[in-house]
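Report on the following structure.
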Number of protein chains: 2
Amino acid sequence: MTRRLPPLNAIRAFEAAARLLSISNAAEELSVTPTAISHQIKQLEDLLGIKLFERSGRNITLTRQGERIFPGVTQGMDSLAGAFEETYGKVDLNTITISTTREFARYWLQPRLGDFYEQFPSLVLNVFTSESCVDLSGREVDLAVRYGPVPAEDSGDVVLFQEHYIPVIRKSPVDSKDKTVDIADLETKRLIDVRWENATLAAPSWKTWFEQSGKEGFHHFKRMNFDSYHLAFDALKRGYGAALLSQTIVNSDEFSSELVRIEGPQLSGYSYRVVVAPASQRKKNVRLFVDWLSG
Amino acid sequence: MTRRLPPLNAIRAFEAAARLLSISNAAEELSVTPTAISHQIKQLEDLLGIKLFERSGRNITLTRQGERIFPGVTQGMDSLAGAFEETYGKVDLNTITISTTREFARYWLQPRLGDFYEQFPSLVLNVFTSESCVDLSGREVDLAVRYGPVPAEDSGDVVLFQEHYIPVIRKSPVDSKDKTVDIADLETKRLIDVRWENATLAAPSWKTWFEQSGKEGFHHFKRMNFDSYHLAFDALKRGYGAALLSQTIVNSDEFSSELVRIEGPQLSGYSYRVVVAPASQRKKNVRLFVDWLSG
DNA sequence: TTGAGACATAAGTTTTTGATATTTTGATTG
DNA sequence: CAATCAAAATATCAAAAACTTATGTCTCAA
């Protein structure tokens with residue numbers, strides 16, 4: 001048995017365009033430019049010697065001959081897709097998968113999600129947290145919000161904001177005024193530092209803070225070190241000591257009413273930036289999401 | 001709706017290899033080298049992260065996972081092929097389509113076809129005659145036997161034999177000995193020349209023959225000119241005159257017993273050569289046929 | 001009449017594909 | 001049991017296909 005088939009890529013382009021009745025939408029679905037689709041369809045038409053679409057400036061329609069071919073093609077593509085489905089997974093254009101840190105997801109993204117779903121009710125957001133850098137060349141993740149130095153101008157990455165670290169301690173139940181506290185009054189407390197998993201970034205530390213503030217007495221304090229913010233938060237909430245927390249966290253619902261700021265400087269941190277996976281850069285919904293993020 | 005599919009060409013390679021359980025046979029079917037198929041399948045395996053075939057040196061078998069994918073893929077390809085079938089035609093590997101001149105087909109090929117079908121009973125030969133050069137870049141014709149100057153060494157064309165033109169006239173019923181005849185005895189006959197459709201080739205002519213033979217009297221003869229051999233043969237058989245016929249025709253069943261040679265030189269003609277269409281060069285049966293032709 | 005949206009066309013670049021040559025693997029044979 | 005043979009894998013490189021950017025055309029709507 002031998003089949004005689006036109007180029008398969010051209011067939012795929014035709015199928016998408018015929019189904020969506022739009023070159024541009026087909027292009028988006030296949031993650032290429034409309035030009036590419038136009039080319040492929042022209043190639044197919046030339047090869048078959050027939051017109052598949054009627055072009056009328058603004059939109060396209062299938063010709064009679066195109067209509068005759070289309071059903072079998074769609075069915076065939078469905079069958080192929082079905083064969084690979086369980087092995088290869090599905091993609092849903094309405095689902096956006098984002099990779100970021102636990103902290104960004106919990107304290108920045110999460111509180112704003114209500115607004116997002118209000119604006120884009122049909123979208124589904126898939127949040128995937130991990131401290132390490134996730135590979136964006138695969139098809140698993142559409143974009144990542146990463147924390148680190150400001151990227152080069154031409155990287156195409158969108159910078160969201162710069163992080164700052166604020167010295168805080170649990171608000172004393174006794175004196176619940178919203179004032180600040182002097183570090184000198186906290187000699188019974190410990191200084192809580194968190195070690196970061198990513199050793200290439202410099203974590204904020206009380207040592208640095210004392211240096212920058214010009215205050216004395218760093219060495220008189222007891223210390224507490226943690227590997228993760230999870231435990232550090234707990235220690236902070238229990239009133240064990242003072243911590244340098246990112247403004248994002250300090251301002252969050254969970255913490256804003258519980259903490260009181262310690263007098264002295266805030267430490268500058270790195271920036272959050274959005275990195276879009278190459279394969280997802282054409283997805284309209286991904287672009288919308290990035291606009292919303294940075295907007 | 002969006003489908004997530006591996007590269008379609010890789011899918012096609014997989015399908016052919018899985019169906020034929022052979023990389024090389026799949027390669028032949030798709031008109032590429034086994035290397036290409038091997039590449040494509042490897043690409044697919046890497047992408048899916050699973051092994052599709054079990055290799056054991058001499059032959060391949062589907063793995064369990066390959067077996068699960070295969071049916072849907074075959075079905076899908078069938079469906080695609082079906083969609084384009086009526087528009088795009090079918091190819092049968094057992095059918096060889098040859099383009100050549102009417103004369104070659106009738107007087108050289110036809111008498112030998114019995115032998116051919118005896119050797120290759122399963123093949124179907126499609127003979128397509130035309131005096132003009134048929135385009136071999138299309139998929140209509142597998143090979144052409146063409147008449148003309150000897151091709152360049154590196155053209156890849158196979159030369160069958162050189163043609164010669166022999167001066168003949170109808171054997172007289174009266175004197176049926178197999179001797180030759182002197183042109184001087186034929187003053188009552190006419191000289192039959194045929195004009196060729198392809199003006200770029202020099203047709204044999206009585207004028208040339210007289211020049212080469214050194215004989216006198218060319219201008220004393222009456223002449224007959226035809227556009228096609230069909231009419232010239234008729235005139236020859238009716239005994240109207242003498243013609244310069246190719247050895248192929250003179251030796252054919254139809255003519256060998258009816259003609260008698262006229263004394264004098266034979267004229268050198270061009271050569272028959274086999275030109276194989278690029279798309280057909282890998283077809284095993286086409287190669288077999290060419291081997292048989294050049295024999 | 002002008003501007004925006006959708007597609008076509010042209011030219012150049014990148015990616016993918018496939019060919020040649022060579023090596024590896026396992027079956028077959030003397 | 002080595003020698004041989006066929007099929008497939010691999011490496012390197014060239015050719016072809018696909019894609020992008022830039023530009024042009026056409027239609028519809030304001």
Side-chain angles (χ1 to χ4, degrees), chain A residues 5-47 51-63 66 137 139 154 156 276-284 287, chain B residues 5-47 51-63 66 137 154 156 276 278-284 287:
Chain A
L5 276 174
L8 295 173
N9 292 328
I11 295 179
R12 171 166 49 189
F14 163 73
E15 195 275 339
R19 176 159 39 80
L20 302 168
L21 287 177
S22 152
I23 301 272
S24 346
N25 293 353
E28 193 196 337
E29 175 170 311
L30 300 179
S31 298
V32 294
T33 54
T35 309
I37 303 294
S38 179
H39 270 321
Q40 298 281 34
I41 291 174
K42 183 166 173 13
Q43 179 195 7
L44 193 55
E45 288 182 325
D46 289 350
L47 195 69
K51 284 193 70 168
L52 295 169
F53 289 102
E54 211 60 70
R55 282 87 161 166
S56 59
R58 221 179 238 290
N59 49 1
I60 58 176
T61 36
L62 278 169
T63 60
S137 68
R139 300 246 178 319
D154 60 348
V276 180
S280 303
Q281 280 170 0
R282 288 178 185 287
K283 289 195 193 173
K284 195 194 232 166
R287 288 201 301 269
Chain B
L5 276 174
L8 295 172
N9 292 327
I11 296 179
R12 171 167 49 188
F14 163 72
E15 195 275 338
R19 177 159 39 79
L20 302 168
L21 287 177
S22 152
I23 301 272
S24 346
N25 292 353
E28 193 195 336
E29 175 171 309
L30 300 180
S31 298
V32 294
T33 54
T35 308
I37 303 293
S38 179
H39 266 141
Q40 298 279 34
I41 291 175
K42 184 165 171 17
Q43 179 195 10
L44 192 56
E45 288 182 324
D46 289 351
L47 195 68
K51 283 192 69 168
L52 295 169
F53 289 102
E54 210 61 69
R55 284 88 161 167
S56 60
R58 219 179 241 291
N59 50 0
I60 57 176
T61 36
L62 278 169
T63 60
S137 68
D154 60 349
V276 180
S280 303
Q281 279 170 2
R282 288 179 183 285
K283 289 194 192 173
K284 196 195 231 165
R287 288 201 301 270

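This structure is a prediction, so every number in the text was calculated from the model and none was measured. Throughout, a chain's letter reflects where its sequence line sits, starting with A, and its residues are numbered from 1.
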Test salt bridge (Lys or Arg N to Asp or Glu O under 4.0 Å) applied to A:Lys51 - qualifying residues, sequence neighbours left out: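 Residues passing salt bridge (Lys or Arg N to Asp or Glu O under 4.0 Å) with A:Lys51: A:Glu54.
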Not counting sequence neighbours, which residues clear salt bridge (Lys or Arg N to Asp or Glu O under 4.0 Å) with A:Arg287? List them please.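 If we apply the salt bridge (Lys or Arg N to Asp or Glu O under 4.0 Å) test to A:Arg287, skipping adjacent residues, there are no hits.
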Are any of the side-chain heavy atoms of A:Ile41 and A:Glu45 separated by less than 4.5 Å?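 Of all side-chain heavy-atom pairs linking A:Glu45 with A:Ile41, at least one is under 4.5 Å.
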To the nearest 10°, let me know how far the axis at one end of the helix from C:dT1-D:dA30 to C:dG30-D:dC1 is tilted from the axis at the other, five pairs an end.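 Terminal axis comparison yields 30°.
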When the distance from [atom1] of [X] to [atom2] of [N] is rounded to whole Å, what number comes out?
X	N	atom1	atom2	answer
A:Ile41	D:dA17	CD1	P	19 Å
B:Asp46	D:dT10	CG	P	10 Å
B:Lys42	D:dT10	NZ	P	6 Å
A:Leu30	D:dA18	CG	P	13 Å
A:Asn25	C:dG5	CG	C1'	12 Å
B:Ile23	D:dA7	CD1	P	12 Å
A:Phe53	D:dC26	CZ	P	21 Å
A:Leu52	C:dC7	CG	P	15 Å

Quick test: give all pairs of protein nitrogen or oxygen and nucleotides 12-18 of chain C nitrogen or oxygen below 3.5 Å, distance rounded to 0.1 Å.
{"from": "C:dG18", "atom 1": "OP2", "to": "B:Gln40", "atom 2": "NE2", "distance (Å)": "2.7"}

Taking every non-hydrogen atom, the tightest pair across [X] and [Y]:
X	Y	value
B:Thr61	B:Leu21	CA-CD2, 4.2 Å
A:Ile23	A:Pro34	CG2-O, 3.5 Å
A:Leu44	A:Pro6	CD1-CB, 3.4 Å

Sidechain-backbone polar pair: B:Thr63 side chain, B:Gly66 backbone, donor-acceptor under 3.5 Å: yes
Please list all pairs meeting ring-ring contact (aromatic ring centres under 6.0 Å, His included) that have one or both residues in residues 20-46 of chain A, counting only residues at least two apart or in different chains.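 For residues 20-46 of chain A, and leaving out neighbouring residues, there are no ring-ring contact (aromatic ring centres under 6.0 Å, His included) pairs at all.
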Pairs where residues 10-32 of chain B contributes a residue and the test ring-ring contact (aromatic ring centres under 6.0 Å, His included) is met, not counting sequence neighbours: B:Phe14-B:Phe53
For A:Ser38 and C:dA8, is the shortest distance between a side-chain N/O and OP1 or OP2 below 4.0 Å?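 The answer is yes; a side-chain N or O of A:Ser38 sits under 4.0 Å from OP1 or OP2.
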Any side-chain N or O of A:Arg55 under 4.0 Å from OP1/OP2 of C:dA6? no
